[in-house]
Every structure is written in C-alpha cells, then in structure tokens.
Amino acid sequence: MLDLKLIRDNTAAVEAALKKRGPTDYLGPLRRLDEERRRLATAADELKRRRNAASEEIGRRKKSGQDTAASQQEVKALGRQIAEMDGNLRQLETDLRAALLAIPNLPHAGVPLGADASGNVVARAWGAPREFDFAPRPHLEIAEKLGIVDFGRAGRLSGAGFPLFVGAGARLERALIRFMLDLHTREHGYLEVAPPYLCNVAAMTGTGQLPKMAEDMYYMPADELYLAPTAEVPVTNIYREEIIERELPIRLVAYSPCFRREAGAAGRETRGLIRVHQFDKVEMVQFVAPDQSYAALESLTANAEDVLQRLELPYRVVALCAGDLSFAAAKCYDIELWAPGQNAWLEVSSCSNFEAFQARRANIRRRNAAGKVEFVHTLNGSGVALPRLMVALLENGQQADGTVALPPALAPYMDGETVLRPGEKEQRL
RNA sequence: GGAGGGAUGGCAGAGUCCGGUUGAAUGCGCAUGACUCGAAAUCAUGUGUGCUCGCAAGGGCACCGGGGGUUCAAAUCCCUCUCCCUCCGCCA
C-alpha cells in the first residue's frame, strides 16, 4: 500500500513511477474519493463537536434539576444527521481503501525500464555450465530411472502437479531443507521459525497476496483460511499490528511447504517438477530500518547465492525490469539455475525489497532513533525453492550411466551418500 | 462443541453492579528540569495512537480486544465475533 499523503502531495511523481509498470491508471478515482472523504469527515466532525457540547450541557442541567426535554430532541435530530453522514463516510473509506490496496508498489529508481521479462537485465553470473560428452537428459527421465519421484501415483492422491518423493528423493528433499536452514542460521545470522501454513485474510492482505491474487490461492471456506503460497506470508505477518521493540534488522528464516493453484498456468511447464501445486521452500524474511533496505537486499541476495555456490550449481542473477516486477516489490532480483536437461534457466529465488509497502498494509512499525514511530522496510527471498533446485541437481550431476553425483556439501546431510543410484526393489514403490 | 471467567494507556492496575464534562485514578517505567562535583534519593513538570483543520500558535473528531445496537450522552447497558484462562466433551 502506498502512503495516501504521498499520492496527495506528489501526484505527478507517483503517477510517473507507476507508468513504468504499465499503462494502467490507478490514481484518478482515488483522488476523487480522497477529497470527498475529507470534506465529509470535516463536516461530520463539526456536528459531533456540537453534539458533544450539547450532551455535556444536558448532563449539567439535569444535575441541577432543570428541564432538558427540548434540547434532548434537538440533539437527537443532530444524531440522525451524524448517523447518515457516518454511513456515507464509511462507504467512502471502504472504497478508498480498496482503491489503495489495488495499487502496486512504486518501482525503485534503479529498476531497469521494460514492459515484460524481455526487459530484465542479467546482473551477474556464477559458475560455468558443464560440458557434456553425452546428451543431458531431462530431470523427469533421471528421476524415473532412479525411482525417486512418482507423479503417477501422486495423481491418485491429489491430482496433477503434486509430487510424491520416494526413498532417496524424499531423503534428498529433507537433506536440502536442513542444509539450507543450517547455512542461513549458522552463517548468515537468521533466526529459524516454523510458522503455521494456513493464514487468515488479514495476513494474506498484509503481504499483498490479497485481494489481487485470490484466484491463485487454496482457500478453506469453512474456516476462512488460505493455504500459504509462501512462508513470506506467515513470517512477515509475525509482526503485524506491532511496534517492534527489538533492534533491527530482524532476519528470519523458515522452511515451509507452499501451495499454489497456478490458475491460468495450465499447460505451461506442467510436466515434472518445474511448476507444481505443492512444493517445499526455505524462505528468508528481513525487517530493517528504512535507510538500510537496499543494502539488505544485496546481502539477502548474496545469502541465496551462497546456497547455490556451495552446491556448485551455475546460476545467474537477473534484475527484474519495472514491467516484470511483482505487485508488492520496489526492486527484485531473480536467481536462475542452469538446467542442462531443459536447456533453460530456472528461477529458484526471488529476492525483493518491498520498502514500506507491506509494512503499511500490515501496520508493522518501529521506533526510530528520534523516538518517532515509523513503518519498517520488509524484504524476502527464497533461500531457495526446492523442486527446481532438485531439477538442477539431477540435470547437472547426471552421469552417462544414469547415476547422479551430488555436491560434497550435501554429504553430511545424506549420511555420506555422494551418488544417487537406481534403488533396489525394496527402495522403490 | 458446551459451561464459566477475563481482555482498560509502555507495564501493573482502578473505574464497569447504580451510564453524565473520564482519554481515563494510582503505582512503576520513561523524558525534561531543580538539587548535586557527579550519581542515587527527593521534588516539579511532562509522557498514547490515528484522522483532520490551520502559515503557525493552537483547535476538532475518533479510539478502554473487534464489530453492531440502546441513549441527549457508553470504558460503563444489550447483541455478536476474536483471543486468553478454568472445567466438561470429542480427537491425531
């Protein structure tokens, strides 16, 4: 959510910044609502002032035994007027908030211009894609041969897009989660949390998934709860409606499964682990002082990159252009892993600075050095998403004989296992 | 799911039965000042948030868990929801 005062006082600048995202006009109706609301509120406040004064007078007169019937009638009439104005006011406020919630964040000045993904800029790359002396196979084939993922049977349980990991696959999933959590907590200074996976409307609105993305969420109507599409939602909302007393920055990391309906993505990348309805992810979230947030974005991104470097996987960092930026982000880096079997770059992490956009929605504040209460800046980034990471591990580590070599960093988490081989009978379903 | 108890300012805690000038006693904490070489103690003063009007000084409105109602007037009465505590039931 943007600051209404900023919109009011710097309309032209806000408009220009929003235009970088695309041609939509967000501000027109909002300004009209804002002016109307203030006009009406001022008028209603004046009537309330009169009513308060008159009521007090009645109290005094009653105490001294005077008759008050006439003035009571008068104040009652005033009350009816006030009720009507308050009704209109409430409607205006609802409309105003809805309009405000529908406006995306302003792109940071350093964000590249561009209308869509083709405008994104590769900021840096790490590691050289491996040379193969055989044709690299796609992950689905490798996984099938190893017997570590079973999509067929998973379909029976839930439907397409829900992976079922088996044996070494399940073990690798667990190893990766532990590896990443350990790295971020022990070496990058994050505090681990294990949040709820079902979130209420307020939480979903706080981080910006609602109202815009409702179609992409799994919803439990009986309890009015949403399955979290990312740990960003429960973790960021930990401090909702709080004035944070702890010293900033606060760095939190959480493992969670993520649930996404991917409505509208049907048919796109639907095979294998590339795009699924349920997946695991380790997510980093930071709450920082406003003047620190861009430095924090760089270090957060570096924390995610460190995961990939230790796993010896080639990747590149892409600065998203204004047109490709997600709704709530002011600036965002995507990290993409090289997948030789797909011959494609796969996004495994999105590191964003939301500035005060989420904090204002969720009312997350702190007291600054001057003692003033102000909104914090929030950031988050995947550190990293599991399915595509597994794709990259399988495709980059594959060997001519169908086995897969794992990076040494994982050995302690895999009971020393360094090569994935086709499982024995009892290791398969 | 059922019965009962509770939710008041940064914290503790009065006020709620019997509605009236109560944004709210008192204590603690915090800030500033006095005293002191300095500190403690003591004394004095101040100490919430949001919206809004105003160049400013300074006003106004709202907020006693959330929402709604009764009333000229609600922290106080009524309804409802949420959360916490105790007990009963159910349950991995």
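No experiment lies behind these values; they were computed from the predicted model shown. Chain identifiers are assigned alphabetically (A, B, ...) following the order of the sequence lines, protein sequences preceding nucleic acid strands; residue numbering begins at 1 within each chain.
- You'll find that the side chain of A:Lys76 is closest to B:C72, out of B:U21, B:C72, B:C61.
- Rounded to an integer number of Å, the gap from A:Ile82 CD1 to B:G69 P is 14 Å.
- B:G59 and B:G23 are spaced 16 Å apart, taking the P atom of each and rounding to whole Å.
- Atom P of nucleotide B:C51 and atom CG of A:Leu89 are separated by 14 Å, given to the nearest angstrom.
- Residue A:Arg38 has its side chain nearest to B:U52 when only B:U52, B:C61, B:C72 are considered.
- For the atom pair NE2 of A:His184 and CG of A:Leu191, the computed distance is 13.5 Å after rounding to the nearest 0.5 Å.
- Position along RNA chain B of the nearest nucleotide to A:Arg365 versus A:Gly79 favours A:Arg365 as the more 5'-ward residue.
- With C1' as the reference atom, B:G65 and B:C85 are 15 Å apart, rounded to whole Å.
- Residue-level contact check: A:Arg51 touches the backbone only, with heavy atoms under 4.0 Å from sugar-phosphate atoms and none from bases.
- In a base pair of the Watson-Crick type (N1 to N3 plus N6-O4 or O6-N4) or a G-U wobble (N1-O2 and O6-N3), with each distance short of 3.5 Å, B:C18 is matched with no nucleotide.
- One finds no salt bridge joining A:Lys5 and A:Asp9 here, because no Lys/Arg side-chain nitrogen approaches an Asp/Glu carboxylate oxygen to under 4.0 Å.
- Comparing B:G69 with B:A74, their C1' atoms are spaced 11 Å from each other, to the whole Å.
- Distance noted for atom P between B:U76 and B:C63: 10 Å (whole Å).
- Between the P atom of B:C53 and the CG atom of A:Leu40 lies a distance of 13 Å, rounded to the nearest Å.
- A salt bridge links A:Glu374 with A:Arg366: the closest approach of a Lys/Arg side-chain nitrogen to an acidic carboxylate oxygen falls below 4.0 angstrom.
- The phosphate of B:C61 (OP1 or OP2) has a side-chain N or O of A:Asn52 nearer than 4.0 angstrom.
- B:A44: Watson-Crick or G-U partner is B:U32, with both key distances under 3.5 Å.
- When both distances must be under 3.5 Å, the Watson-Crick or G-U wobble mate of B:G1 is B:C88.
- Using N1 to N3 plus N6-O4 or O6-N4 for Watson-Crick, or N1-O2 and O6-N3 for G-U wobble, each under 3.5 Å, B:G54 pairs with nothing.
- Separating the P atom of B:G1 from that of B:U8 is a span of 25 Å, rounded to the nearest Å.
- Residue A:Arg90 is classed as a sugar-phosphate contact, given heavy-atom separations below 4.0 Å to backbone atoms only.
- If you check B:U82 for Watson-Crick or wobble pairing at under 3.5 angstrom, you find it paired to B:A7.
- Both A:Ala54 and A:Glu46 sit near RNA chain B, but only A:Glu46 has its closest nucleotide nearer the 5' end.
- With values rounded to the nearest 0.5 angstrom, A:Arg361 atom CZ is found 7.5 Å from A:Arg97 atom CZ.
- Look at A:Arg90 and A:Asp86 and you find no salt bridge, because none of the NZ, NE, NH1 or NH2 atoms lies under 4.0 Å from a carboxylate O.
- With a cut-off of 3.5 Å on both Watson-Crick or G-U wobble distances, the partner of B:G23 is given as none.
- Salt-bridge formation is not detected for the pair A:Arg31/A:Glu15: no Lys NZ or Arg NE/NH1/NH2 atom is positioned less than 4.0 Å from an Asp or Glu carboxylate oxygen.
- Straight-line distance from the NZ atom of A:Lys48 to the P atom of B:A73: 13 Å, rounded to whole Å.
- A straight line from CD of A:Glu35 to P of B:C51 spans 18 Å, rounded to a whole angstrom.
- Comparing the P positions of B:C17 and B:G27 gives a spacing of 25 Å, expressed to the nearest Å.
- Among the heavy atoms of the strands lying under 4.0 Å from A:Thr42 are primed sugar atoms or P, OP1, OP2 only; no base atom is included.
- If you take CZ of A:Arg49 and C1' of B:C72, they are 17 Å apart, rounded to a whole angstrom.
- Not less than 6.0 angstrom separates the ring centroid of A:Phe259 from the ring centroid of A:Tyr197.
- Using a 4.0 Å heavy-atom distance criterion, A:Arg37 is classed as a sugar-phosphate-only contact.
- As the counterpart of B:C64, no nucleotide is assigned, since no Watson-Crick or G-U wobble pattern has both distances under 3.5 Å.
- Between A:Asn363 and the phosphate of B:G50, there is no side-chain N or O to OP1/OP2 separation shorter than 4.0 Å.
- Across all strands shown, B:A73 forms no Watson-Crick or G-U wobble pair with both key distances under 3.5 Å.
- The side chain of A:Lys5 places an N or O atom within less than 4.0 Å of a non-bridging phosphate oxygen (OP1 or OP2) of B:U52.
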Requested in this report: Quick one: do A:Arg310 and A:Asp306 satisfy salt bridge (Lys or Arg N to Asp or Glu O under 4.0 Å)? Show the steps, please.
Outcome: CA-CA 6 Å; A:Arg310 289 175 193 240; A:Asp306 195 21; 3.1 Å; yes
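- Counting non-hydrogen atoms under 4.0 angstrom, A:Arg8 reaches the backbone sugars and phosphates but no base.
- Note: CG (A:Leu92) to P (B:C51) measures 17 Å, nearest angstrom.
- Nucleotides B:U26 and B:G13 place their C1' atoms 8 Å apart, quoted to the nearest Å.
- Straight-line distance between the C1' atoms of B:A44 and B:G6: roughly 39 Å, to the nearest whole Å.
- Atom-to-atom, CD of A:Glu93 to C1' of B:U52 comes out at 12 Å; the value is rounded to the nearest Å.
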